[in-house]
Amino acid sequence: MSKTLIRGAKVLGGEVQDVLIDGETIAEVGTGLSAEGAEVVEADGRILLPGLVDLHTHLREPGREDSETVLTGTRAAASGGYTAVFAMANTFPVADTAGVVEQVYRLGKESGYCDVQPIGAVTVGLEGRKLAELGAMHDSAAGVKVFSDDGKCVDDAVIMRRALEYVKAFGGVVAQHAQEPRLTEGAQMNEGVVSAELGLGGWPAVAEESIIARDVLLAEHVGSRVHICHLSTAGSVEIVRWAKSRGIDVTAEVTPHHLLLTDELVRSYDPVYKVNPPLRTEKDVMALRTALADGTIDIVATDHAPHPHEDKDCEWAAAAMGMVGLETALSVVQQTMVETGLLDWAGVAERMSAKPAAIGRLAGHGRPVAAGEPANLTLVDAAYRGQVDPAGFASRSRNTPYEGRELPGRVTHTFLRGRATVVDGKLT
């Protein structure tokens, strides 16, 4: 079994220490460590974090391999410091059966760049009318514990209640894409001053907030777990904060792009800024940052949504919604949360590794950087500054809103169970 000695890293941004990896496990953490025959990585004071975990990734396979595959998506994930991703169910065919989730799970095993945990659909075909095979997907080789119709909302209250009751039996969670469909028909961007000036159909905040309010009450009623995907408004923050104060078992995520970008960017009519939920106002962005800092929002999730060039290089109304995010997520969080003083690196580790793994019940990830723990690790050069160049992305798609923007931080090394997947910023 190979050994690696990471020398002189700031573990969770704290004191400089050495970390010895022996095989798949962290053997020792301390100062002045040495190991005969070990490969040495000189960290030079870089930040060492547990491997990141993304609870919300679109890998597109099966069915849309022109956008992404499990292989290219996991290569992008490793490049961004991730050692595990949860793959959303809106594939073709939909991941609503044991057979499809097992296919995605096997593809993840074959890729070898990070662990892939499939998410199962809540309803058959994402159509919102009939529950999918939740129990069979959970009992399959994939061991599905998170279920979501993401891309669509489970808008039928009875179906949502039944799903919450069903997953309660095995400790599962329903991850809701909160969007009241009748309130967002024809919506193109956030409803507000900018949409009125541009004459684009508005996506009102209440369309998100009304579903969240309903679902936290349903979760309380049946005593089950609900997770809110890509929360995006100040009002949604207040509803989740209220629900948590009542002891309701609700968790929530925010995307990096909703922590940084606003609807003012839509004035460019560049479809790279078209996303669901839409970019909101500066007031919303500030509320989301505060909520992530105080724990009302539990985690950062990328909602990595790759699209081929032709689906974005078109007029705004015809463009697909979504942005790639795996390779820039940590940099955006560093800029919006760490460099603003809202979070320290230990807080980043909690929100981008420990808590996502806990919500998804994913063993072996989100663990402390300590002796005896799995060697899933990420080394970050926080002092780095550079412009985002999508030409260098490992993802098959290039629809990033950050092209040409200077962002801080760079992942230099990623280790999956002790094996380097990224070395000196390059995939192995």
Side-chain angles (χ1 to χ4, degrees), residues 12-13 47 49-57 80-82 85-86 150 173 175-178 190 205 208-209 212 216 225-245 248-263 275 277-304 323 325-326 328-360 366 378 380 382 401-402 407-409:
L12 305 188
I47 310 298
L49 302 173
L52 306 183
V53 177
D54 188 17
L55 197 66
H56 191 146
T57 300
Y82 288 88
V85 298
F86 285 74
D150 183 62
V173 62
Q176 175 69 293
H177 174 119
N190 177 58
E208 174 175 301
E209 295 156 6
I212 295 173
V216 296
R225 291 199 298 147
V226 65
H227 176 76
I228 309 302
C229 294
H230 41 50
L231 183 150
S232 70
T233 78
S236 295
V237 166
E238 292 309 311
I239 294 167
V240 171
R241 186 173 283 130
W242 169 84
K244 288 190 171 187
S245 74
I248 298 172
D249 199 349
V250 55
T251 53
E253 70 189 34
V254 65
T255 71
H257 49 270
H258 286 113
L259 291 171
L260 180 60
L261 308 176
T262 73
D263 61 353
V275 65
L279 301 178
R280 303 290 188 180
T281 67
E282 184 73 15
K283 177 184 175 183
D284 292 310
V285 168
M286 293 301 112
L288 296 173
R289 291 185 189 182
T290 300
L292 182 63
D294 69 24
T296 301
I297 296 175
D298 299 84
I299 66 170
V300 176
T302 70
D303 193 9
H304 175 80
M323 304 167 172
L326 285 167
T328 52
L330 189 56
S331 291
V332 174
V333 171
Q334 180 179 332
Q335 179 174 314
T336 59
M337 301 301 295
V338 178
E339 296 186 351
T340 57
L342 290 169
L343 283 180
D344 58 14
W345 284 105
V348 172
E350 182 181 33
R351 289 156 181 80
M352 296 186 75
S353 183
K355 280 195 172 181
I359 292 168
T378 297
V380 184
Y402 309 116
L407 290 177

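Excluded from the calculations below are hydrogen atoms, water molecules and symmetry mates; all remaining heavy atoms, backbone and side chain alike, are included. We're numbering straight along the sequence, starting at 1.
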**Prompt:** What closest approach, in Å, do T302 and P256 show between heavy atoms, and which atom pair accounts for it?
**Reply:** CA-CD, 3.9 Å

**Prompt:** To the nearest 0.5 Å, what is the distance between CG (L292) and CE (M337)?
**Reply:** 4.0 Å

**Message:** Would the distance check show the side chain of K355 and the main-chain N or O of T251 forming a donor-acceptor pair, the cut-off being under 3.5 Å?
**Reply:** no

**Request:** Would you please name every residue forming a ring-ring contact (aromatic ring centres under 6.0 Å, His included) with H56, sequence neighbours left out?
**Result:** H58, H230

**Request:** Determine the minimum heavy-atom distance between Q335 and E339, stating which atoms define it.
**Result:** O-CB, 3.8 Å

**Item:** CD1-CG distance between I359 and D298, expressed to the nearest 0.5 angstrom
**Value:** 5.0 Å

**Item:** Note, V226 side chain near V250 side chain (heavy atom, < 4.5 Å)
**Value:** yes

**Prompt:** Within the side chain of K283, is there an N or O that forms a donor-acceptor pair under 3.5 Å with the backbone of A234?
**Reply:** no

**Request:** For the pair H257 (side chain) and D303 (backbone), establish whether a donor and an acceptor sit closer than 3.5 Å, ignoring hydrogens and angles.
**Result:** no

**Complete:** What one should report as the nearest heavy-atom pair of L288 and S232 is CD1-O, 3.8 Å

**Prompt:** What residue among I297, V254, D284, L260 forms side-chain contact (heavy atoms from CB on, under 4.5 Å) with R289?
**Reply:** L260

**Asked** Would you say Q334's side chain and A382's backbone share a donor-acceptor pair under 3.5 angstrom?
**Response** yes

**Message:** Are M352 and L49 packed together at the side-chain level, in the sense that at least one heavy-atom pair is separated by less than 4.5 angstrom?
**Reply:** no

**Message:** Looking at every non-hydrogen atom in both residues, tell me the closest pair between T378 and P50 and how far apart they are.
**Reply:** OG1-O, 4.1 Å

**N190 CG to E208 CD distance, which is reported to the nearest 0.5 Å** = 10.0 Å

**Reported OG1-to-CE distance for the pair T255 and M323, which is rounded to 0.5 angstrom** = 8.0 Å

**Side-chain touch L330/V348, heavy atoms, less than 4.5 angstrom** = yes

**Item:** Closest non-hydrogen atom pair between I212 and A178, with its separation
**Value:** CG1-CB, 3.7 Å

**Asked** Can you tell me how far NE2 of H258 sits from CZ of R280, rounded to the nearest 0.5 angstrom?
**Response** 6.5 Å

**Message:** On a heavy-atom basis, which atom in G51 and which in S353 lie closest, and how many Å separate them?
**Reply:** O-OG, 2.8 Å

**Request:** Verify whether one side chain among T233 and S236 offers a donor that lies under 3.5 Å from an acceptor in the other.
**Result:** yes

**Message:** With rounding to the nearest 0.5 angstrom, report the CG to NE2 distance, L326 to H304.
**Reply:** 4.5 Å

**Request:** Would you check if the side chain of R351 reaches a backbone N or O of A293 as a donor-acceptor pair within less than 3.5 Å?
**Result:** yes

